[in-house]
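A, B, ... follow the sequence lines: proteins, then strands. Residue 1 opens every chain.
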2 protein chains.
Amino acid sequence: MTTTSLATGQRSLGDPDISYPLWPPLTRGCPRTSSDTMSYPLEIDYDYARVTSDFITGQGRPRSGLDRWAPLLPPLAAPGLGEGGTPLIAIGDGVYVKDESRNPTWSHKDRLNRCTVSAAVAIGAPGVVVASSGNHGASAAAYAARAGLRCVVLGSPELPPAVASFLSAYGAVVLPVETAHRWPLTERIAEEFGFHPVSNLTPFHTGHAFGPEGYKTVAYEIAADIVDPGAVFVPTGYGELLFGIAKGFTELHRLGLVSRVPRLFSCEPAVGGPLASALRQGLPATEVAVGDTEAYGIACPVNSYRGVRAITVSEGRALTVDDAAMHRAQAELAGQGLWVELSAAAGLAGLRTLPDDETIEGPVVCVTTSSGFKDTRVGDHHLAPVDPSWENVRARLRAEGIRS
Amino acid sequence: MTTTSLATGQRSLGDPDISYPLWPPLTRGCPRTSSDTMSYPLEIDYDYARVTSDFITGQGRPRSGLDRWAPLLPPLAAPGLGEGGTPLIAIGDGVYVKDESRNPTWSHKDRLNRCTVSAAVAIGAPGVVVASSGNHGASAAAYAARAGLRCVVLGSPELPPAVASFLSAYGAVVLPVETAHRWPLTERIAEEFGFHPVSNLTPFHTGHAFGPEGYKTVAYEIAADIVDPGAVFVPTGYGELLFGIAKGFTELHRLGLVSRVPRLFSCEPAVGGPLASALRQGLPATEVAVGDTEAYGIACPVNSYRGVRAITVSEGRALTVDDAAMHRAQAELAGQGLWVELSAAAGLAGLRTLPDDETIEGPVVCVTTSSGFKDTRVGDHHLAPVDPSWENVRARLRAEGIRS
């Protein structure tokens, strides 16, 4: 048993025979296989031979935070906030919800940013820069603050008010700019101020090489909690979470610690769906027009090759879900005591609108990525005071179907 | 080792020789010791002789949710949401933060409502009714939904907009009424519709007999994570959380599982402070005028006798903290990557403004009760788009003290 990282280097997803040293972390995809028309991400490779057979139970390792899984993560140089370790909640008929709103900044992004900010700390960067309109930006700001680094968040000009408060809460410099300016400014801030970029910088999404490794821990935790899930349904924007979960299970299978890799179902908004489009066309990545959706957290015009890999390796399937299906899933989750933002309901929406030709064997996990406080409609809600006379209150309750 | 409740009955805090059967749960304090001028709460008693020596490590019991601690809780008849198990985060100099925003509805109230809604389920009530302007109401709504019960929330007319969305998210009937009407309406709804009341119904606070038992699990978890804390600082409204933590440690000490009971420090807003006032005057409870404070979650005009008991039994101390001290503590926590609502920063504010005559031996835990999304200022935040030219962005960053 080891509590230190077994990471050995960065491997290209464009060509698995191409590897780079672990340092410096590559933040613009694989330099050798990428071109102006296609960007290939990187993943981290490990000395798997040194992983011990007690990896999943992890006796002796910390039980809280990503530190529990340190051997199969990049070096965790940044201090943690007890991220991960989120509960799996049974909602009936063999369906479980992995509630990622239980992270330090109430979304899955904390698993990623523990890893990306660790990279910034390890290379001695004075700060991090992130282009994000929500969870990713706030999470990066929190981990940067915790590590004593500065943070610049390039947000969108149309932030829900509660999200604006959230992004600003951790002392980051938050600059709302139009989308077209966000990536060039990220580059420039990285170049001129030496800030480490923790969001994407390439035409098709590649992001930070270390980031999706953090998401593998979702798979490790599921494997620790239930035996052999049949499928995992994942709200999918750029597909980093999707890829991390697929990679985590693939590693456990390779190590002989689980008997199969569950099928991964990506769940993108129906108004876009670049991953579904890429898979349909047999391409590594595509760009699509994105129509109107309230699922702002996963409305992406391009996919990452990571998503293609996740669906292929797990023999999964790319689904798309419309806003109506996500609203129904959001309501179903609220009925179980779980309030999620609309994007976060995409996984359950995918399960509930599964095509008839699909059957799944074994328990099903739907990942909910984030809390309802981040919904676009939050802050619009005003409740008018009611007449407190008993006649009125009784009538109101009866109108709601409550009977004495 | 047992995974079932060892609860034996309800014991009066007004006179420990007075006990009642476990059923029905008493929701209006101790009938025999209470009078028109003083209300005494109840607590649950257990068959402590049957608690096994592995109680804290709990091998064999579930690791997630209050179920882990089932032997020393009332029967958990309502399904859980993986409440509790929140991380303890080191912020330096032997100080730890117990981050209760990591619960299912992002506050400590979930520990209480798992127990109160369990009582409603166990007695076959068709629903629950709760008077609350925030976390308590939303949490009760979530657990009621999960259990398939209806829920009526009597809120205040001045709900922050994000909190209005939160209260409404779980399908409860939310009726905002002036404070004076909330308790009479709670009584009436309980009487005429048979709904189980899960908030207070007495002049001095007593609340539900089962509720504070859920808070004991904060103490159990702290004891499982660190050895022998010297003190715990607790944001204090009616003192239910304070009492639960004190009781949890007292039980562990009685069972020989910890070597001492840490000192409990209650932290009330300086504009009110009924518990501090009661202790100063040697009274079981007092009523005070409450001035303006942004710490709406803990601004209470009366205390509960529970608070007096918690401070006395732990040889602790009642502190008051002003809004400026809470804002400083909130900023300190944000600098560690933790965004809390203002009330939730009261514990750290108490530690940071501790009177000079106090010294504490051993690790210190400050409980943060709830997420920053519930702050009154959330939703007011509007970020203006910035000019994206490099000259402007560079100037903005330099103005923020960022140097290339």
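Neither the backbone nor the side chain of A:Leu167 comes within less than 4.5 Å of any heavy atom of chain B. The part of B:Val152 that comes within reach of chain A is its side chain, from C-beta onward, which places non-hydrogen atoms under 4.5 angstrom from that chain. For B:Arg396, the part sitting under 4.5 Å from any heavy atom of chain A is the side chain, from C-beta outward, and nothing else. Heavy-atom distances place the backbone of A:Glu83, and not its side chain, under 4.5 Å from chain B. Looking at A:Val173, only its side chain comes within 4.5 Å of chain B, counting heavy atoms on both sides. Looking at B:Arg150, the atoms closer than 4.5 Å to chain A (heavy atoms on both sides) all sit in the side chain, from C-beta outward. For B:Gln330, no part lies under 4.5 angstrom from a heavy atom of chain A. Heavy-atom distances place both the backbone and the side chain of B:Ser371 under 4.5 Å from chain A. When heavy atoms are compared at a cutoff of 4.5 Å, B:Ala384 approaches chain A solely by way of its backbone atoms N, CA, C and O. With a threshold of 4.5 angstrom between heavy atoms, B:Phe166 approaches chain A through its backbone and through its side chain. Using a 4.5 Å cut-off between heavy atoms, A:Phe373 contacts chain B through both its backbone and its side chain. Using a 4.5 Å cut-off between heavy atoms, B:Leu154 makes no contact with chain A at all. Interface remark: B:Ile189 contributes backbone and side-chain atoms alike to the contact with chain A (heavy atom separation under 4.5 Å).
Between chain B and the residues A:Gly372, A:Ala164, A:Ala142, the largest count of heavy-atom pairs under 4.5 Å involves A:Ala164. Looking only at heavy-atom pairs under 4.5 Å with chain A, the residue among B:Gly194, B:Pro87, B:Ser101, B:Pro184 that has the most is B:Ser101. In terms of non-hydrogen atom pairs under 4.5 Å with chain B, the most contact-rich of A:Asn103, A:Leu88, A:Thr105 is A:Asn103. Interface remark: of the candidates B:Asp225, B:Ile89, B:Asp375, B:Ile89 forms the most heavy-atom pairs closer than 4.5 Å to chain A. Most heavy-atom pairs under 4.5 Å with chain B: of the set A:Val393, A:Leu333, A:Val386, this distinction falls to A:Val386. Taking A:Pro79, A:Pro157, A:Ser168 one by one and counting their heavy-atom pairs under 4.5 Å with chain B, the maximum is reached by A:Ser168. By number of non-hydrogen pairs under 4.5 angstrom with chain A, the leading residue of B:Ser165, B:Ser404, B:Gly82 is B:Ser165. Chain B forms the most heavy-atom pairs under 4.5 Å with one residue out of A:Lys374, A:Arg403, A:Glu400, and that residue is A:Glu400. Each of A:Gly65, A:Gly127, A:Gly171, A:Pro104 has some count of heavy-atom pairs under 4.5 Å with chain B, and the biggest count is that of A:Pro104. When the candidates B:Asp387, B:Leu383, B:Val163 are compared by the number of heavy-atom contacts under 4.5 Å with chain A, B:Leu383 comes out ahead.
In terms of heavy-atom proximity, A:Ala334 sits nearest to B:Ala145 at O-CB, 3.7 Å. Contact detail for B:Val177 and A:Pro388: the closest heavy-atom pair is CG1-CB, 4.0 Å. Between A:Tyr170 and B:Leu338, the shortest heavy-atom contact is CE2-N, 3.9 Å. The nearest pair of heavy atoms linking A:Gln336 to B:Leu81 is O-CD2, 3.2 Å.
Once rounded to the nearest 0.5 Å, the distance linking CD1 of A:Ile402 with CZ of B:Phe193 reads 7.0 Å. Distance check: B:Asp99 CG to A:Arg102 CZ gives 11.0 Å after rounding to the nearest 0.5 Å.
Using a 4.5 Å heavy-atom cutoff, the side chains of A:Ile91 and B:Arg146 are in contact.
Between B:Trp339 and A:Trp106, the ring planes lie tilted relative to each other; the angle falls in the 30° to 60° range.
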